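In this text, all values refer to a predicted model and were calculated from it rather than measured experimentally. Below, chains carry the letters A, B, ... as their sequence lines are ordered, and counting in each starts from 1.
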There are 2 protein chains.
Amino acid sequence: MASRPTLKTIADQVGVTVSAVSLALRDDLRISQATRERIQQAAKELGYVYNRHAAGLRRGDSGTVAVCLNDLSNPFFTEFLGHMEARFREADRMMLFCHAHETPSIQARFIRQMAEHGAAGLILVPVAGTTREDLDGAQVRHLQDFPLVLISRDVADTGFDRVINDDVLGIRLLFEHLYEAGHRRFAWFGGGGDTSTARDRECSFRQQMDAAGLPVTRDSVHHGPTTLEFGDAMLERLLTMPEPPTAIMCFSDIIAFGVLAACYRHGVRPGVDISVTGFDDMAAAAYSAPALTSVRVRTDLIGQCASELLLSRMAGERYPPIRKVVPPELVVRASTGPAA
Amino acid sequence: MASRPTLKTIADQVGVTVSAVSLALRDDLRISQATRERIQQAAKELGYVYNRHAAGLRRGDSGTVAVCLNDLSNPFFTEFLGHMEARFREADRMMLFCHAHETPSIQARFIRQMAEHGAAGLILVPVAGTTREDLDGAQVRHLQDFPLVLISRDVADTGFDRVINDDVLGIRLLFEHLYEAGHRRFAWFGGGGDTSTARDRECSFRQQMDAAGLPVTRDSVHHGPTTLEFGDAMLERLLTMPEPPTAIMCFSDIIAFGVLAACYRHGVRPGVDISVTGFDDMAAAAYSAPALTSVRVRTDLIGQCASELLLSRMAGERYPPIRKVVPPELVVRASTGPAA
DNA sequence: CTACATAGTTCAATCGATTGAATAAATACA
DNA sequence: TGTATTTATTCAATCGATTGAACTATGTAG
């Protein structure tokens with residue numbers, strides 16, 4: 001029944017004031033070592049639990065950071081989560097987490113709530129279609145000078161820090177790899193969402209096609225969700241064509257895995273009869289059947305860089321907004337080969 | 001420069017007291033509708049942001065719940081996260097999140113910190129080897145009567161609520177499926193961690209073998225981490241045996257995917273030359289090459305049930321600790337077939 | 001015209017930790 | 001011995017929202 005002990009409880013027990021206890025528990029040298037030890041001992045015995053609400057109220061900092069992702073079912077994003085979590089734990093920051101499900105209203109609500117909680121910073125993979133307006137004014141007036149780092153997806157015209165992958169380069173690497181292997185008939189299985197990632201990758205695909213003097217027809221570009229189902233279904237459709245493409249570039253590994261599954265069912269051999277590429281190089285890409293050619297997005301570097309940037313902003317660093325673009329790496333595996 | 005507005009700021013603006021503002025913002029009927037509207041209007045104009053530290057200090061509830069998982073790289077666990085996040089969002093609870101990396105010290109620290117934050121409840125997938133002592137006394141004296149729900153993995157002798165999968169049943173379903181298909185030489189690729197899941201599944205495997213009158217030899221049981229690498233490497237080893245098993249049961253889909261990858265490289269046809277089963281039935285299982293026979297762990301039901309249980313405990317419900325066991329479902333796909 | 005609800009608002013204490021300033025005690029210095 | 005300095009601790013205000021009790025009009029019943 002005894003309610004949670006407070007500084008007062010300890011103070012009474014030891015015979016000092018709350019001030020002394022407060023200082024002692026934080027190892028302040030103003031309190032003599034002897035007293036400090038008695039106080040810390042008593043705190044332990046009483047099972048004292050620090051109250052961050054009280055501390056946060058007085059100090060204005062809650063010791064938390066907020067992270068908002070949009071798609072947990074995609075391991076690619078959980079890789080980010082892992083890397084950032086590690087860095088924040090190191091910095092002794094707790095993480096408020098939100099799964100926005102690509103839904104603007106969820107994202108907006110989370111931004112408001114994390115502000116209410118006094119989170120000191122926010123890392124955000126903006127949901128598709130997020131605009132500048134969504135990020136400032138709208139929810140939290142004081143977001144203007146609030147530490148906020150966008151990752152993975154870019155939002156134009158923001159005054160925020162951003163850490164993103166070089167999607168244009170990634171597609172170029174894959175395209176060149178396929179082109180050099182003799183492929184001339186390409187298909188693009190692209191992300192349908194309104195994100196910078198989807199736009200940049202598809203745009204880069206079209207540029208490469210143009211530069212190679214290859215026509216982009218209605219049959220070469222297909223849009224859909226980033227799911228296994230989409231890749232699977234799309235390949236089924238492609239196989240009914242009179243002269244199907246010999247190389248399929250997918251917006252994401254996830255889609256490519258779907259394509260591989262459909263190939264397997266139809267006895268089409270990826271890397272021999274057809275070439276398939278992914279994007280992201282998630283862990284499973286090395287173990288698909290066959291192993292998937294992809295570009296490795298450096299989630300580790302991006303995640304670390306973003307956390308670092310956020311922590312430095314939180315520490316009060318002032319500099320113009322940074323837009324960091326991290327180059328990915330081509331990883332050639334068995335799912336691609338010379339054009340038949 | 002103007003610091004964040006408070007109730008006082010609004011009160012001065014409108015010409016009422018903080019009490020009135022506090023009540024009005026929460027739509028308390030004690031304040032006349034006219035005044036309420038004026039206050040709410042002013043709050044909006046000033047860009048007022050609710051301060052949960054202040055409210056939490058006074059009310060003793062921060063409106064957060066804590067969730068601690070141990071392995072983000074396994075999509076199986078992020079499925080839980082998704083389901084719980086949805087339920088908590090619905091209940092207007094924020095989520096403090098921790099990735100314990102199977103590390104007891106991280107788990108312990110998180111438990112302490114979430115208590116400091118005044119989280120109203122905790123859902124935990126305990127890290128391998130977690131004991132009763134780790135969960136009470138040790139970190140937070142007041143955890144005794146603290147809403148805590150364990151999921152996925154069980155910890156013996158706790159007085160806490162638990163929601164877990166019926167692992168024994170799952171293995172039995174898979175075994176019977178394989179046995180009826182004529183398989184008699186089995187291998188078990190098992191989780192190496194000290195978790196109830198690893199123990200229960202392996203134990204069930206041994207029971208089934210016994211019941212079928214099949215010997216469990218040194219060559220039939222293999223332990224390792226829940227990774228693609230482990231499954232891959234283990235199959236390589238198995239193929240060097242003079243008389244390899246015809247059926248391989250894996251502790252997790254992840255391991256099975258590694259096995260399928262190795263099969264593919266060696267031209268061994270899963271479902272024809274050898275049968276492979278996973279466990280969990282994560283989304284990718286339907287799209288592996290070939291599609292994987294597995295048992296579907298109802299992460300949706302378990303996640304929902306756990307959140308529901310936690311919310312009801314948080315609401316003050318008192319009843320003896322509940323141990324809810326959710327039955328999984330057999331999903332037969334192409335990776336298993338009649339014994340050669 | 002008094003007594004009495006009733007609605008609308010304010011008063012004032014409270015939650016628990018923090019911190020700059022003040023005080024007391026002990027030690028050093030002249 | 002008296003004063004300056006250091007060390008150890010306490011005082012008291014503060015952060016911002018909440019809430020039971022108190023107060024003040026206004027209206028209603030007797």
Rounded distance (Å) that lies between atom [atom2] of [N] and atom [atom1] of [X]:
X	N	atom1	atom2	result
A/R58	D/dA17	CZ	P	16 Å
A/L7	D/dT9	CG	C1'	15 Å
B/D61	D/dT18	CG	P	12 Å
B/K8	C/dT10	NZ	P	12 Å
A/L57	C/dA17	CG	P	12 Å
A/H117	D/dG16	NE2	P	17 Å
B/R52	D/dA17	CZ	P	12 Å
A/L23	D/dT9	CG	C1'	9 Å

key: Side chain to side chain, A/R109 and B/R89, heavy atoms closer than 4.5 Å   = yes

request  = Determine the minimum heavy-atom distance between B/F77 and B/L69, stating which atoms define it.
outcome  = O-CD1, 3.6 Å

key: C/dT10 OP1/OP2 closer than 4.0 Å to side-chain N/O of B/T17   = yes

query = Using a cut-off of less than 4.0 Å, is there contact between a side-chain N or O of A/R26 and OP1 or OP2 of C/dT18?
reply = yes

ask   = Which nucleotide in the set C/dA17, D/dT19, D/dT10 lies at the smallest distance from any side-chain heavy atom of A/N51?
value = C/dA17

ask   = Cation-pi between B/R313 and B/F146: NZ/CZ under 6.0 Å from ring centre and within 45° of the ring axis?
value = no

query = Can you find an N or O donor on one side and an acceptor on the other, under 3.5 Å apart, linking the side chain of A/R59 with the base of C/dT18?
reply = no

inquiry  = Over all strands shown, is A/V16 touching base, sugar-phosphate only, or nothing at heavy-atom distances under 4.0 angstrom?
reply    = sugar-phosphate

query = Does B/S22 offer a backbone N or O that forms a donor-acceptor pair with the side chain of B/R26 under 3.5 Å?
reply = yes

ask   = Counting distance only, does the side-chain N/O of A/R162 pair as donor-acceptor with the main-chain N or O of A/R153 below 3.5 Å?
value = no

Nearest-nucleotide comparison on DNA chain C, the residue closer to the 5′ end among A/S22 and B/S19 = B/S19

request  = Give a yes-or-no answer on whether the side chains of B/Q40 and B/D27 include a donor-acceptor pair shorter than 3.5 Å.
outcome  = yes

request  = Evaluate side-chain hydrogen bond (donor to acceptor under 3.5 Å, both in side chains) for A/E37 paired with A/Q41, printing each intermediate quantity in order.
outcome  = CA-CA 6 Å; A/E37 280 169 2; A/Q41 178 60 28; over 6 Å; no

remark   = So, with a heavy-atom separation below 4.0 Å from DNA chain D, the residues of residues 28-41 of chain B are none

